[in-house]
Amino acid sequence: MCGIVGIIGTEPVAVRLLDALKRLEYRGYDSAGIATLHDGKLERRRAKGKLVALEKRLSDEPLGGTIGIGHTRWATHGKPTEKNAHPHISGGVCVVHNGIIENFKILRAELASDGYDFVTETDTEVIAHLIAREIDAGNDPQAALKASLERLEGAFALAVLFQGHDNLMIGARRGSPFAIGYGSDDQPGMFIGSDAFALAPFTNRIAYLEEGDWVVLSKDSATIYDEGGAQVNRPITTSMANALLVDKGNHRHFMAKEIHEQPEVISRTLSHYIDLGNEKVDFSSLDIDFQSLDRLSITACGTAYYAGLVAKYWIEKWGGLPVDVDVASEFRYREPLLSDNGAALFVSQSGETADTLACLAYCNEKNQKTLSIVNVQESSIARGSDAVLPTLAGPEIGVASTKAFTCQLTVLAALTIHIGRQRGVLSKEQEVELVHSLVEVPRLISEMLVEEAKIDAISQQLVHAKDVLYLGRGIHYPLALEGALKLKEISYIHAEAYAAGELKHGPIALIDENMPVVVVVPKDGLFDKTISNCQEVAARGGQIIFISDCDAKTTGCDFVSQISLPRGNEFIAPLLCAIPVQLLAYYTAVHMGTDVDQPRNLAKSVTVE
Ligand code: F6R
């Protein structure tokens, strides 16, 4: 998703803006640009592609100035060309923007008939012209911005510079998150950015704009207004987005680092929800009576949705509560019938995913008790929910979610035990057994990571594949889905997941000796059934990669290779299976030489529909 940064201070800003943009790279982008005000004039540099291209432009043609804005663009309207890259300028107005202006066509026609020339295919250009038209009509920048905001429909964050005003920057937020950074004696100035992470090298004193807010920044002040124009205060918090956290350490990619962090972050997350001394889960601060609920609806996107699917199996079996799971982009438009006595749970790493956020708003409107599992505690989803269960995964920089997923599973597993106890489905003894199995997870994952070279070797079997099939049954079906998603997003190999029992209803037609089939099959009550499906694949020459805690040889089936899982309680198997499917995708992508941390076309946080 697009990233925005703005600095207004006393030192040259171009290099610092570039540095901040690098910290927003993880969001995904395909072009970038920076503009500054220098000697009363607006100047900009833009480049298609990665930030190195912009860096080169800046070194060939440096930008002066102590006030400036920068942008990484993830194309929505118009190709990722230099011409469409932000900032966009109209007259003396310069704009960067994240989000979508839904009524841009109407505004474009109106502005064009007023004589404003459009030189890009973007929706953003209408914002620059709208504000410029207000300035041309004699309004000051503040009034011009306010009047323009009233004309815009959609979700956005934007930052604006005004030629002739070298101590002024205006930012606005509707839908997309926006953080304001307050400088110090060491680093004077004011900062604005898509997240606190971008601003971490400059300041940790952060305030967040609320929905509809806009802010007028000078070198040493921030005056915030709400949607109605009333001046408001937003609390300044101390951000934890420490500059050091974006280091890859000894790893080649953030994704590798994040895969390896899982034992530690799962431990941290577990210690938040487990009272080990008393061998029980601890949700004492959660004000939801699960005993009286008749339904839980879980909504999320992508990997977080697969975490929700695992939770359905967990909560229905061990918690005794019926669960619906929906992809957020479907849920929001299908006018779902919600139980009068239901609760709605939202799962999101970023806490900003537009579709999930819209479902939260819908459920709040329908008087559901709302609960969210998020990794970013200051996020919009966290702030809009009645209750929040944090995942303590730390910042996830790799676009493909790994540690956030297993931390989501960790919280959901602990929540399952809590629900099971409240509903009287689990005895105290069962709680103790499940808690003990959960606290084993970090150690078991560490053991698996020691063996990663084997998965690296096996991944060579996927490198030349055009298509890969993933199979799983029951609670492991979502892990097959997650494995296929990971593979396609970072290696660009087409992968599909099927519930193993569905194989014979169609996809078996695809099987031949060129088709690798990854089967996620830890020992459980459905094991033998999945093995029968494996036989069907083997009989047709399919190349099976077998992920299991059982020895492939004992199954009598012809497997090409085995990835061994440690044997644990069946309850924790989904957490363990996550590791090999992540590593298999990771090493395949590494061998193929793709951009593992920033795969093409993808955005880390999807703040548009
Ligand atoms: C896949 C991936 C995405 C996200 C999805 C939801 O690796 O990262 O599928 O899981 O975009 O994002 P959040 O969790 O931020 O709502």
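Counting convention: from 1, in listed order, for ligands and their atoms alike.
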> How are the rings of F571 and W314 set relative to one another: parallel (under 30°), tilted (30 to 60°) or perpendicular (over 60°)?
Replying inline: tilted
> Taking only residues two or more places apart in sequence or in another chain, which ones pass salt bridge (Lys or Arg N to Asp or Glu O under 4.0 Å) with E210?
Replying inline: R383
> Are E211 and R173 within salt-bridge range, i.e. N to O under 4.0 Å?
Replying inline: yes
> If you count only heavy atoms, which residues are under 4.0 Å from ligand 1?
Replying inline: C301, G302, T303, A304, S348, Q349, S350, T353, V399, A400, S401, L485, K486, E489
> What is the distance from atom CG of L415 to atom CD of Q408, rounded to the nearest 0.5 Å?
Replying inline: 13.0 Å
> Does the ring center of H418 lie less than 6.0 Å from the ring center of Y273?
Replying inline: no
> Does NE2 belonging to H251 count more than 12 external heavy atoms closer than 6.0 Å?
Replying inline: yes
